[in-house]
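In what follows, a single structure is set out as structure tokens and then discussed.
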Amino acid sequence: MEKDLKNNTRSELSVIITSFKQKTYFADYLFAFIHQKHTADLNKISPIPKPFRAQLAETGYYISALSILKTQTDSDGTTKYLFGLPDGQCIETVRLVDEGRITLCLSTQVGCRMGCRFCATGRLQFQRNLTAAEIVDQIYQIEQAQGPVQNLVYMGMGEPLDNFNQVIRSLEILHDEQGRYFGMRHITLSTCGLTEPIRKLANLKIHPRLAVSIHAADDLLRSQLMPICRKEPLERLMQTLVYYQQRTGRRITIEYCMIDGLNDTPELAGRLALLLSGLKTNVNLIELNDYSGCPYRPSPGSRIKNFAARLKEAGIDTAIRFKRGRSINAACGQLGAEWLSTAKIQEPA
Ligand code: SAH
Ligand code: SF4
């Protein structure tokens, strides 16, 4: 069992408490102090008897906390946080304001193994998975600094489904009514399309909203942009999404990044419409965000509008997502961009 008490679900805490032959309801106190009061000092959990607190500490149990190293704010209200992890690694988290509602864009890994060609994070060498504690603490730290948030998107650095166990554990912790108690309707998990974990997720009891990064409607073009497509062809991905939809009843968001001269013609919009015809979806067209060293350019606005019109004609719910937080490299795909000049770079797959 994990020694970092923040990294345990409430039922896992009960198992720890029981192993010390203590009262199991102490697990509820621990959980509430960690996930509602954000106590990072075992000694401050006063409802638990002092000798037991001391015993926990002596046996190596502790409560981890991230540290805020830097914050940057864009004129559109977007804030980017740089967090230091206990082992000295760093991650970024973005806080977005939209009509008074706050959304946090959470990271799940340091770097990413998937190596998508257009993504700054994908060019950083993968370092490690985040723990569930490090995922949920991004929320707690930002809420303490800037007040409550309403929505969470697992869309920051990393591929959440490549860190399946810790990501699911973070969802369980966040959904617990004795903790932060986030409704699953307010949580979106974005994936590049790993089919086995999507199936596993479909078979669990809790289901976040799912967003899938497609970016191209045929395997050849998609493989150029996203190396994962060589192992996970679109046909298998689409079958898996149908399964997820059958199990959850949820509409699936499709993310499509508009890249100049590559995936943005009306003909390709037609192919995308065909690909999505068996699913209830909404498509988000994202103008490519470039960064120093990015090999692609964003599509011109007129081409994005034409592409959207073509999808709408085919009956697909489509929205164009505007750039947010660009002056501070906080937009989709830009996280980690500022480290590219100094960090180790991943060789293209
Ligand atoms: N790994 C997950 C979630 C993190 S990436 C995923 O790939 O879905 C979050 C979103 O940003 C994805 O849709 C991704 O394709 C998109 N993205 C990556 N690089 C981008 C860029 N340069 N411009 C716009 N969107 C980008
Ligand atoms: Fe990883 Fe997502 Fe970036 Fe691809 S787009 S490299 S999956 S973070």
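Each ligand, and each atom within it, is numbered from 1 in the order the structure gives. Keep in mind the model is a prediction, meaning the values are calculated, not measured. Values below: every heavy atom of this structure, side chains too, minus hydrogens, waters and symmetry copies.
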For ligand 1, the portion of [X] having any non-hydrogen atom under 4.0 Å away:
| X | value |
| --- | --- |
| Thr191 | backbone |
| Glu159 | both |
| Met114 | neither |

Short N/O distance, under 3.5 Å, between [X] and ligand 1?
| X | answer |
| --- | --- |
| Glu287 | no |
| Ser190 | yes |
| Ile286 | no |
| Pro160 | no |

A cation-pi test, strictly: NZ or CZ of [X] under 6.0 Å from the centre of the six-membered ring of [Y] and no more than 45 degrees from its axis. Yes or no?
| X | Y | value |
| --- | --- | --- |
| Arg180 | Phe182 | yes |
| Lys200 | Phe164 | yes |
| Arg199 | Tyr243 | yes |

For [atom], which protein heavy atom lies nearest, and how many Å away is it?
| atom | value |
| --- | --- |
| atom 15 (O) of ligand 1 | His215 NE2, 2.6 Å |
| atom 23 (N) of ligand 1 | Asn289 N, 2.9 Å |
| atom 19 (N) of ligand 1 | Gly333 CA, 3.0 Å |
| atom 4 (Fe) of ligand 2 | Cys116 SG, 2.3 Å |
| atom 5 (S) of ligand 1 | Met155 O, 4.0 Å |
| atom 25 (N) of ligand 1 | Cys332 CB, 3.4 Å |
| atom 10 (C) of ligand 1 | Glu255 OE2, 4.0 Å |

Assess [X] for proximity to ligand 1: is some non-hydrogen atom of it under 4.0 Å away?
| X | answer |
| --- | --- |
| Ala120 | no |
| Cys116 | no |
| Met157 | no |

Between [Y] and [X], is there a side-chain donor-acceptor contact under 3.5 Å, judged purely by atom types and distance?
| X | Y | result |
| --- | --- | --- |
| His35 | Tyr140 | yes |
| Asn129 | Gln109 | yes |
| Tyr29 | Gln178 | no |
| Asp260 | Ser299 | no |
| Ser107 | Gln138 | no |
| Tyr154 | Ser170 | yes |
| Glu232 | Thr195 | yes |

Atoms in ligand 1 flagged as close to [X], the criterion being non-hydrogen separation under 4.0 Å:
| X | answer |
| --- | --- |
| Gly156 | 4 (C) |
| Cys257 | 23 (N), 24 (C), 25 (N) |
| Gly158 | 1 (N), 2 (C), 3 (C), 4 (C) |

Item to check | Salt bridge flag under 4.0 Å for residues Arg128 and Glu134 | outcome: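 Yes, this pair counts.
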Next on the checklist: What I want to find out is whether Arg169 reaches Glu12 closely enough, with some N-O distance under 4.0 Å, to be called a salt bridge.
Outcome noted: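 Between Glu12 and Arg169 there is a salt bridge, with a charged N closer than 4.0 Å to a carboxylate O.
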Selection from [options] by shortest heavy-atom distance to [atom]:
| atom | options | value |
| --- | --- | --- |
| atom 3 (Fe) of ligand 2 | Cys119, Ser190, Gly156 | Cys119 |
| atom 6 (C) of ligand 1 | Cys105, Cys294, Ser213 | Ser213 |
| atom 7 (S) of ligand 2 | Glu255, Arg123, Met114, Met155 | Met114 |

Item to check | With Asp317, the salt bridge (charged side-chain N to carboxylate O under 4.0 Å, His left out) member among Lys280, Lys312, Arg251 | outcome: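 Answer after filtering Lys280, Lys312, Arg251: Arg251.
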Checklist entry - Do any of the N, O or S atoms of Cys112 sit under 2.8 Å from atom 1 (Fe) of ligand 2? => result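 Checking atom 1 (Fe) of ligand 2 against Cys112, an N, O or S atom does fall under 2.8 Å.
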Next on the checklist: Just checking Tyr256 against Phe307, ring centres under 6.0 Å apart?
Outcome noted: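 Ring centroids of Tyr256 and Phe307 are less than 6.0 Å from each other.
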Item to check | Pair Thr79-Gln72, side-chain hydrogen bond (donor to acceptor under 3.5 Å, both in side chains): steps then yes or no | outcome: CA-CA 6 Å; Thr79 311; Gln72 287 167 277; over 6 Å; no
Next on the checklist: Heavy-atom contact check, 4.0 Å cutoff: does Gly158 meet ligand 2?
Outcome noted: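 Contact present.
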Next on the checklist: So if I count the atoms of ligand 2 from 1 in the order they appear, which ones are less than 4.0 Å from some heavy atom of Gly122?
Outcome noted: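 Those of ligand 2 that fall under 4.0 Å from Gly122 are 6 (S).
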